[in-house]
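Everything below concerns the one structure shown next.
Along the sequence shown, the residues carry numbers beginning at 1. The model shown is predicted, which means the values in this text are computed figures rather than measured ones.
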Amino acid sequence: MGQFPRLLAGGVAELMKPIVGIMACNRTVGVENAHAVMERYVRAAVTYGDCHALLIPPMVDGFSSGALTARLDGLMLTGSPSNVHSNLYGSEGGDGPFDEGRDAVSLGMIECMVTMGKPVFGICRGFQEINVVLGGSLRRDVGYGAENGANGISHHAPDGTAFDQQFEHVHEVELIEGGVLEGVYGSDHLRVNSVHYQGVDRLGEGLMVEAVAPDGLIEAFSANIAGCQVLGVQWHPEWQADRHPESQAYFHMMGQVLRGMPLR
């Protein structure tokens, strides 16, 4: 094995695994800015997607989306406490927190992945980012309260709920007949966690609805845009994925697409 035995640790199969870029956020650690991704996203991707992960810094200066895209097999956009800035979809106002560095890098990465025909997966904020890049818009009134929909669906636990318990706030979604997710799960519905205050208003160009909440809010979409395969979900499949086979299936599907298999 030569002078550097670690290079071939795990054998050729390990070296041949696809590499997914995972979008990071700006966070304050002490008095410094840090680029961070919650471990649950990375662990779910590498465990159930059987791939390697490369974290993408949300740093505009000295960053080239095109150069990085050329080195990746796919992109996974994570959830975040921050919201996509409203001026990116032609709106005004809106509540933060915002992360303009993440906005710039993630939206640039999506554009490059689409241009190069490489797969893009989105979770929560990432789902919303994909919609915005493809010309869609967001609504900002889908948090907690019966007034948020004709059927009284709350898409976030009440303010003050403990962090872990926020992910226990769940509702069902209807899976669209003939869609990717209906095929994966073999069912016309799925029970999902719901931890978001924003959602899709106008659907982006080329996106096909995969799942809707009881109040009609779009909860998942897919697309094949000139060879770029896209799958986004509003919920959090990475949360305690080891306990939920349906969540594992999302990342298994991602791993297959990274290896060149079609979504449909």
Side-chain angles (χ1 to χ4, degrees), residues 20-27 35-38 41-42 44-45 53-60 63 65-66 68-69 72 74-91 94-140 142 155-156 194-211 217-225 228-238 250 254 257 263:
V20 62
I22 300 181
M23 191 66 223
C25 300
N26 283 296
R27 300 287 181 91
H35 300 156
V37 176
M38 296 299 102
Y41 292 101
V42 182
L54 178 66
L55 306 189
I56 301 173
M59 183 174 68
V60 178
F63 184 86
S65 299
L68 186 54
T69 298
L72 296 175
L75 173 67
M76 188 178 90
L77 302 147
T78 62
S80 173
S82 65
N83 291 325
V84 179
H85 204 291
S86 55
N87 62 18
L88 294 171
Y89 50 92
S91 184
D95 297 324
F98 298 120
D99 185 344
E100 294 186 18
R102 161 140 183 182
D103 285 341
V105 173
S106 60
L107 270 60
M109 287 295 301
I110 296 169
E111 291 175 356
C112 287
M113 298 296 285
V114 171
T115 299
M116 294 187 184
K118 295 189 175 185
V120 179
F121 287 78
I123 295 172
C124 199
R125 188 196 208 270
F127 164 86
Q128 297 166 11
E129 289 169 335
I130 294 169
N131 189 58
V132 169
V133 167
L134 295 176
S137 63
L138 304 177
R139 52 182 290 191
R140 303 189 295 269
V142 298
H155 292 271
H156 196 286
S194 190
V195 194
H196 62 106
Y197 289 100
Q198 298 195 140
V200 169
D201 184 11
R202 182 180 67 254
L203 187 64
E205 184 176 354
L207 294 173
M208 294 177 286
V209 177
E210 287 283 338
L217 190 69
I218 296 171
E219 292 273 340
F221 52 58
S222 66
N224 188 324
I225 305 172
C228 170
Q229 299 192 80
V230 175
L231 182 64
V233 298
Q234 182 63 82
W235 60 88
H236 285 264
E238 88 292 345
Y250 176 88
M254 184 181 76
V257 173
L263 277 173

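In terms of heavy-atom proximity, Cys124 sits nearest to Gly79 at CB-CA, 4.0 Å. Across all their heavy atoms, Gly66 and Met116 have their closest contact at O-CE, 3.6 Å. The shortest non-hydrogen separation linking Val132 to Tyr89 is CG2-CD2, 3.9 Å. Between Ala53 and Ile22, the closest heavy-atom pair is CB-CD1, 3.7 Å.
Here the side chain of Gln229 pairs no donor or acceptor atom with the backbone of Ala223 at under 3.5 angstrom. Under a 3.5 Å cut-off, the side chain of Asn131 and the backbone N or O of Val200 do not form any donor-acceptor pair. Judged by distance alone, with hydrogens and angles left aside, the side-chain atoms of Lys118 form a donor-acceptor pair with the main-chain N or O of Leu72 at under 3.5 Å. Between the side chain of Ser82 and the main chain of Phe98, no donor-acceptor pair closer than 3.5 Å is present.
In this structure, the side chains of Arg102 and His85 stay at 4.5 Å or more apart for every pair of heavy atoms. A heavy-atom distance below 4.5 Å is not found between the side chains of Leu77 and Arg125. Annotation: side chain of Leu88 is in contact with side chain of Asp103 (closest heavy-atom distance under 4.5 Å). Side-chain contact between Glu111 and Val133 is present, with at least one heavy-atom pair separated by less than 4.5 Å. At least one side-chain heavy atom of His196 sits under 4.5 Å from a side-chain heavy atom of Glu219. Counting only heavy atoms from C-beta outward, the side chains of Pro57 and Val105 never approach each other to under 4.5 Å. Side-chain contact between Phe121 and Tyr250 is present, with at least one heavy-atom pair separated by less than 4.5 Å. Side-chain contact between Leu75 and Ile110 is present, with at least one heavy-atom pair separated by less than 4.5 Å.
One distance of note links OG of Ser194 with NE2 of His156; it measures 8.5 Å at 0.5 Å rounding. To the nearest 0.5 angstrom, Asp99 atom CG is 4.5 Å from Asn26 atom CG. With values rounded to the nearest 0.5 angstrom, Leu107 atom CG is found 11.0 Å from Cys112 atom SG. For the atom pair CG (Leu231) and CE (Met208), the distance works out to 10.0 Å, reported to the nearest 0.5 Å. We find the CD-CG distance between Gln198 and Leu217 to be 11.5 Å, quoted to the nearest 0.5 Å. Summarising the geometry, atom OG belonging to Ser80 is positioned 10.0 Å from atom CD belonging to Gln128; distances are rounded to the nearest 0.5 Å.
Phe63 meets the ring-ring contact (aromatic ring centres under 6.0 Å, His included) test with no other residue; sequence neighbours excluded. With sequence neighbours left out, Arg202 forms a side chain to side chain contact (heavy atoms under 4.5 Å, CB included) with Ser137.
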Q.
Using the rule given for side chain to side chain contact (heavy atoms under 4.5 Å, CB included), can you reason through His35 versus Cys25, listing the C-alpha separation, both sets of side-chain angles and the distance that settles it, and then say yes or no?
A. CA-CA 6 Å; His35 300 156; Cys25 300; over 6 Å; no

Q | side chain to side chain contact (heavy atoms under 4.5 Å, CB included) between Met23 and Val37, intermediate numbers included | A | CA-CA 7 Å; Met23 191 66 223; Val37 176; over 6 Å; no

Q: Begin from the C-alpha positions of Val209 and Phe221 and carry the test side chain to side chain contact (heavy atoms under 4.5 Å, CB included) through to its verdict.
A: CA-CA 4 Å; Val209 177; Phe221 52 58; 5.6 Å; no

Q: Please report the C-alpha distance between Leu54 and Val20 in whole Å, then the side-chain angles of each, then the deciding distance to 0.1 Å, and finally whether the side chain to side chain contact (heavy atoms under 4.5 Å, CB included) criterion is met.
A: CA-CA 6 Å; Leu54 178 66; Val20 62; over 6 Å; no

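In this pair, His236 and Tyr41 present their aromatic rings tilted. The plane angle is within the 30 to 60° band.
Between the side chains of Ser91 and Arg139, not a single donor N or O lies within less than 3.5 Å of an accepting N or O.
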